[in-house]
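First listed ligand is number 1; within each ligand, the first listed atom is number 1. This chain uses plain numbering: 1 for the first residue, then up along the sequence. The analysis underlying the following values was restricted to heavy atoms, covering all of them including side chains, and did not include hydrogens, waters or symmetry mates.
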Amino acid sequence: MSHAPAAAPHASHQDEFNPFLSMAQLFDTAADHLGLDKGLRDVLRTPDREMTVAIPVVMDDGRIEVFTGYRVQHNFSRGPCKGGIRYAPDVNLDEVRALAAWMTWKCAVVDVPFGGGKGGVVCDPRKLSKGELERITRRYTAAIMDILGPDRDVPAPDVNTNEQTMAWLMDTYSMHVRKTTTAIVTGKPIALGGSRGRTEATGRGVMLIAREGLKKLGMKPQDARVVVQGSGNVGGIGAMLMHREGYKIVAMSDQYGAIQNDAGLDVPAVLAHIKKTGRILGFAGAREVEGGQKILETPCDVLVPAAVENQITTGNAQRIDTKLIVEGANGPCTAAASKILDDRGIMVVPDILANAGGVTVSYFEWVQDRMGYFWSEQRVNNSLEQVMVKSFEDVSTVAAKYKVSMRIAAYILSIDRVATVYRLRGVFA
Ligand code: NAD
């Protein structure tokens, strides 16, 4: 990304935790392998469009408050931009830029015809009423609507936004264009044109990628001990689906702590416990892991970091005791830690492949909305499986060809796909 300060050869401690710099380094490494010329590098690093908008909102107490919103479209050469909208007090343009670029590479890895986008509103949803959130969403949508559209840019939920947010966005857009336009967003409620299987899609993708990774390592699911960090949409559902396939889930965590049972956790019971009590600790069928973060060092065959970014770092990478890491979260391993893991021979399936099940089923949702014909859950799941398995094979082939890690291979594959389209289309003048 052109806005990133150049990464120092010996990244400082601070730099290690900057996902923006991590990605810029990966981009450069992959671009070097591809021998990408400077002009194309500059094109692919630079967001196509960035929009910053003021969002005046009448609050419940009658005051007017002005919020700031962003939408960044990183690259739309392969199709409409795709990417979530997050609501958080610390959202900033740099972060949204990095996440938008990430979406470009993720969509290209699984070869769905989308570019990358991301949006955000600076606000603290915990301090806002439902009515205030609705008014923020509607005004934000109206403010960025000129660059949205089923053929231009299709948002989705992200941190602190959900199905309801997407329903308001869809309604606001539809009211302006004077027709119901379900394909303007994905991650909608099923009653409004959402897709069956969308909620489970990312966890299902994680399960499928773990299966493919283990196959490569010559292991069977029934023999695999799995550790999952994070028990939400990705980690919780991923763990549940792996449990169903016969994997032994030996440890799980949430933001409050971690639990372990070497004989295997009863995952449906763990998730029911979390639903009831709001946290994982206190589950009867397991013991507590001292210092929740230590869960990452639990001996296992498959480690699924599915919580937040920067969890595997230079501080713990040497102690990670697994054969395969499937990155459910975005950016859970820092770039410096990835190098250590590579040197130690641990296979890492990177986020832009491992958690791409969500955007893949978002693509199916968009297709269904445009067809006005809705698929069965079985069809969604089968199509997802085909995409994830093929993408895993594509990345493995590139890794073998260039003799690089799966992470660098995923970047090489995606950057090459975007660059190919760019070369064929040429530079519009
Ligand atoms: P979620 O909010 O549903 O769940 C997050 C889980 O992580 C919760 O169990 C939470 O308690 C736990 N957690 C939070 N901070 C933690 C910490 N410091 N240590 C341990 N656990 C912690 O979120 P999600 O949708 O499951 O997303 C998880 C990650 O996956 C994020 O990085 C997200 O960007 C990424 N992701 C999500 C999707 C999707 O479809 N939901 C798709 C692609 C990537």
Steps toward side-chain hydrogen bond (donor to acceptor under 3.5 Å, both in side chains) verdict (Tyr140, Thr172): CA-CA 10 Å; Tyr140 169 66; Thr172 305; over 6 Å; no
The closest protein heavy-atom partner of atom 9 (O) of ligand 1 is Ser231 N, 2.8 Å
Asp254 heavy atoms within 4.0 Å reach ligand 1 at atoms 9 (O), 11 (O), 20 (C), 21 (N), 22 (C)
Per atom 10 (C) of ligand 1, closest listed option by heavy atom (Met103, Gln255, Glu309, Glu200): Gln255
Using a plain distance cutoff, I'd like to know if Thr202 has any nitrogen or oxygen under 3.5 Å from a nitrogen or oxygen of ligand 1. yes
For atom 17 (C) of ligand 1, state which one of Val308, Asn233, Asn330, Ile352 supplies the nearest heavy atom. Val308
Taking distance alone, with no angle check, do Lys106 and ligand 1 share an N/O pair under 3.5 Å? no
For atom 19 (N) of ligand 1, what's the nearest protein heavy atom and its distance? Gln229 NE2, 3.8 Å
Short N/O distance, under 3.5 Å, between Gly230 and ligand 1? no
Considering heavy atoms of the protein only, find what lies nearest to atom 4 (O) of ligand 1 and give residue, atom and distance to 0.1 Å. Gly232 CA, 3.2 Å
Measuring from atom 22 (C) of ligand 1, which candidate in Gly357, Ala307, Gly328, Ser253 has the nearest non-hydrogen atom? Ala307
Hey, is atom 15 (N) of ligand 1 touched by any protein heavy atom at less than 4.0 Å? yes
Basic-acidic side-chain contact under 4.0 Å: Asp342, Lys339: no
Is there a side-chain hydrogen bond (donor to acceptor under 3.5 Å, both in side chains) between Arg198 and Ser362 once you walk through the steps? CA-CA 7 Å; Arg198 172 65 187 88; Ser362 275; 3.2 Å; yes
Residue set satisfying salt bridge (charged side-chain N to carboxylate O under 4.0 Å, His left out) with Glu297, at least two apart, ordered chain then number -> Lys294, Arg319
Determine, for Asp351 against Lys106, whether the closest basic-nitrogen to carboxylate-oxygen distance falls under 4.0 angstrom. no
Considering only heavy atoms of Ala329, which atoms of ligand 1 have at least one such atom less than 4.0 Å away? 29 (C), 30 (O), 32 (O), 35 (C)
Got the closest protein heavy atom to atom 27 (O) of ligand 1, with its distance? Val234 CG2, 3.8 Å
CA sep, side-chain torsions, deciding dist, call: Asn382, Gln378, side-chain hydrogen bond (donor to acceptor under 3.5 Å, both in side chains): CA-CA 6 Å; Asn382 289 347; Gln378 195 57 45; 3.1 Å; yes
Quick one: does atom 2 (O) of ligand 1 have a protein heavy atom under 4.0 Å from it? no
All pairs passing side-chain hydrogen bond (donor to acceptor under 3.5 Å, both in side chains) where residues 411-422 contributes a residue, at least two apart: Asp394-Arg417
Give me the ring orientation class for Trp366 and Phe114: parallel if the planes are under 30° apart, tilted from 30 to 60°, perpendicular past 60°. perpendicular
For ligand 1, which part of Ala356 has a heavy atom less than 4.0 Å away: the side chain, the backbone, both, or neither? neither
Sub-4.0 Å atoms of ligand 1 with respect to non-hydrogen atoms of Ala306: 28 (C)
Can you tell me which residue among Ile144, Thr181, Val185, Thr180 is in a side-chain contact (heavy atoms from CB on, under 4.5 Å) with Tyr173? Thr181
Is there a side-chain hydrogen bond (donor to acceptor under 3.5 Å, both in side chains) between Gln311 and Gln293 once you walk through the steps? CA-CA 8 Å; Gln311 295 302 293; Gln293 190 74 4; 3.0 Å; yes
